[in-house]
Protein chains: 2
Amino acid sequence: MISSTEVIDELKRIVKQKGLKYTEQREIVLNILINAEGHLSAEEIYNLIKSKKRESSIGIATVYRALSFLEEVNLITSIAFGADGKKYESNTKEHHDHLICTNCGKIVEFMDNEIEKRQDNVAKKNNFKITSHSMQLYGVCDTCQ
Amino acid sequence: MISSTEVIDELKRIVKQKGLKYTEQREIVLNILINAEGHLSAEEIYNLIKSKKRESSIGIATVYRALSFLEEVNLITSIAFGADGKKYESNTKEHHDHLICTNCGKIVEFMDNEIEKRQDNVAKKNNFKITSHSMQLYGVCDTCQ
DNA sequence: GTCAATGCAAATCGTTTGCATGAAC
DNA sequence: GTTCATGCAAACGATTTGCATTGAC
């Protein structure tokens, strides 16, 4: 687990190293994801920014550009939750998979070392060099049953 | 594994039972998915129909409507492959997961009983009643490395 | 004849792009 | 001052909808 200031510093480092510019907007987007409980869509992030700090405006295009950039430099990760489109989470979190309630939308994160090991195994057997994986279990949660 | 005529009969049964109408279009879409090797998008199915039988026309909207319907009654399943949008496969196939090459798009299907077992376990521990799951391993395949 | 399904075109949604302007360096 | 990032609006691709017509029953 990495602290949030460390991630922001990392962003500054990457931006400088690439000869790019450090902007408030990229920091805001990253900060929101660091402090977010769950997984956010581009639109949700956009709305959060607009409602929280009404003095500074931000364009939805900038949110998308920031998200692509942050994912490219591996500070955040996107996951495609069914039809709902892409959602993002910051990489400050440990790796984990998702249990999703199809009724209320509740998401429980979990991690199973044995599954991870077996996934690597499957990949090896098929001569794939794994870069990432995505695993979601869909069902009905405790309270919704 | 279920035979393709059985699936078509199943479709006829469901349609009748729901008091709906049996149309050639729904049958065509289902048939394409039954006979398809891999996973097809709505657009790919649409193009297949247009090229194969140029006498009968079909609208893209009808393809989408047929796909939603068939998924709803559980004759086909959709999977969201990253940014490429939804793809469909018929439920005649055994359950399996996917290994996806991020370079050439090649998809390898696999099945691991131990992983399945562990998934059920995780669900039980969290009091979820699992309805389905989706698992994709992303990486670079043999020939692309 | 009734009602659902279709085909088409228009509408909508999420996302991306072009371009002039503004901000970081 | 140069160059990258931004904001806006227009463009885009995938999917959905409204509506008049067609086809299954």
Side-chain angles (χ1 to χ4, degrees), chain A residues 8-9 11-32 39-50 53-73 75-76 78-88, chain B residues 8-9 11-32 39-50 53-73 75-76 78-88:
Chain A
I8 298 289
D9 285 349
L11 173 60
K12 286 180 182 159
R13 229 207 60 239
I14 291 168
V15 163
K16 178 165 282 177
Q17 182 225 310
K18 292 200 164 213
L20 302 177
K21 281 148 193 186
Y22 192 80
T23 65
E24 196 195 356
Q25 287 87 341
R26 294 214 256 238
E27 187 183 308
I28 292 174
V29 170
L30 180 54
N31 246 322
I32 284 185
H39 308 77
L40 300 176
S41 68
E43 196 122 23
E44 285 166 346
I45 294 168
Y46 175 64
N47 289 329
L48 272 175
I49 297 171
K50 282 213 304 187
K53 14 188 346 182
R54 63 202 68 212
E55 71 278 6
S56 95
S57 83
I58 190 169
I60 185 76
T62 302
V63 174
Y64 278 104
R65 282 188 279 231
L67 288 171
S68 307
F69 176 78
L70 293 171
E71 185 169 24
E72 209 181 295
V73 301
L75 288 173
I76 66 175
S78 70
I79 15 174
F81 282 134
D84 300 346
K86 267 192 190 171
K87 299 209 165 195
Y88 294 84
Chain B
I8 297 290
D9 286 349
L11 173 59
K12 285 180 183 162
R13 228 207 61 238
I14 292 168
V15 163
K16 177 166 284 179
Q17 183 225 308
K18 292 200 165 211
L20 302 177
K21 280 142 194 191
Y22 191 80
T23 64
E24 195 196 355
Q25 288 86 342
R26 295 214 257 238
E27 188 184 306
I28 292 174
V29 170
L30 181 53
N31 246 322
I32 284 185
H39 307 76
L40 299 175
S41 68
E43 197 122 21
E44 285 165 345
I45 293 167
Y46 174 65
N47 289 330
L48 273 176
I49 297 171
K50 282 214 303 187
K53 13 189 342 181
R54 64 200 69 210
E55 69 281 8
S56 96
S57 83
I58 190 169
I60 184 78
T62 301
V63 174
Y64 278 106
R65 282 187 280 230
L67 289 170
S68 306
F69 176 78
L70 293 170
E71 184 168 26
E72 210 181 293
V73 300
L75 289 173
I76 66 174
S78 70
I79 15 173
F81 282 134
D84 299 346
K86 267 191 190 171
K87 300 210 164 195
Y88 294 85

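Below, read A as the first sequence line, B as the second, and so on, with proteins coming before strands; counting in each chain starts at 1.
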Side chain to side chain donor-acceptor pair (under 3.5 Å) partners for B:E71, two or more places apart: B:S78
Close approaches to DNA chain C from residues 59-69 of chain B, in residue order (heavy atom, under 4.0 Å): B:G59, B:A61, B:T62, B:R65
Interface limits on DNA chain C, where chain B has a heavy atom under 4.0 Å of a nucleotide atom: C:dC3 to C:dC8
Sequence-aligned protein contact record of nucleotides 20-25 of chain D, with B where the base is within under 4.0 Å of a protein heavy atom and S where only the sugar-phosphate is: ---BBS
Value in whole Å for how far the C1' atom of D:dT15 lies from CD of B:E43: 10 Å
Test item: B:K18 and B:V73 side chains (from C-beta on) under 4.5 Å apart, heavy atoms: yes
Heavy-atom side-chain contact between A:F69 and A:L30 under 4.5 Å: no
Five-pair end axes of the helix from C:dG1-D:dC25 to C:dC25-D:dG1 and the angle they enclose, rounded to 10°: 30°
Under 3.5 Å: donor-acceptor pair, side chain of B:S68, backbone of B:Y64: yes
Any donor-acceptor pair under 3.5 Å from B:R26 side chain to B:K21 backbone: yes
Stepwise side chain to side chain contact (heavy atoms under 4.5 Å, CB included) check, A:T62 with A:Y46: CA-CA 9 Å; A:T62 302; A:Y46 175 64; over 6 Å; no
Evaluation steps, side chain to side chain contact (heavy atoms under 4.5 Å, CB included), between A:R13 and A:D9: CA-CA 6 Å; A:R13 229 207 60 239; A:D9 285 349; over 6 Å; no
Residues in side chain to side chain contact (heavy atoms under 4.5 Å, CB included) contact with A:L40, at least two apart in sequence or another chain: A:I32, A:L33, A:A36, A:E44, A:I45, A:L48
Nearest-0.5 Å distance, OH of residue B:Y22 to CD1 of residue B:I14: 10.5 Å
Atom pair distance, as rounded to whole Å: OH in A:Y46 and C1' in D:dT6: 13 Å
Shortest non-hydrogen contact between A:I58 and A:Q25, atoms and distance: CD1-CG, 3.7 Å
From CG (B:L11) to CD (B:E27), nearest 0.5 Å: 7.5 Å
From B:T23, B:L67, B:L75, B:I76, residue fulfilling side chain to side chain contact (heavy atoms under 4.5 Å, CB included) relative to B:V29: B:L67
Over all atoms of both residues, closest heavy-atom pair of B:I60 and B:E43: CD1-CA, 4.3 Å
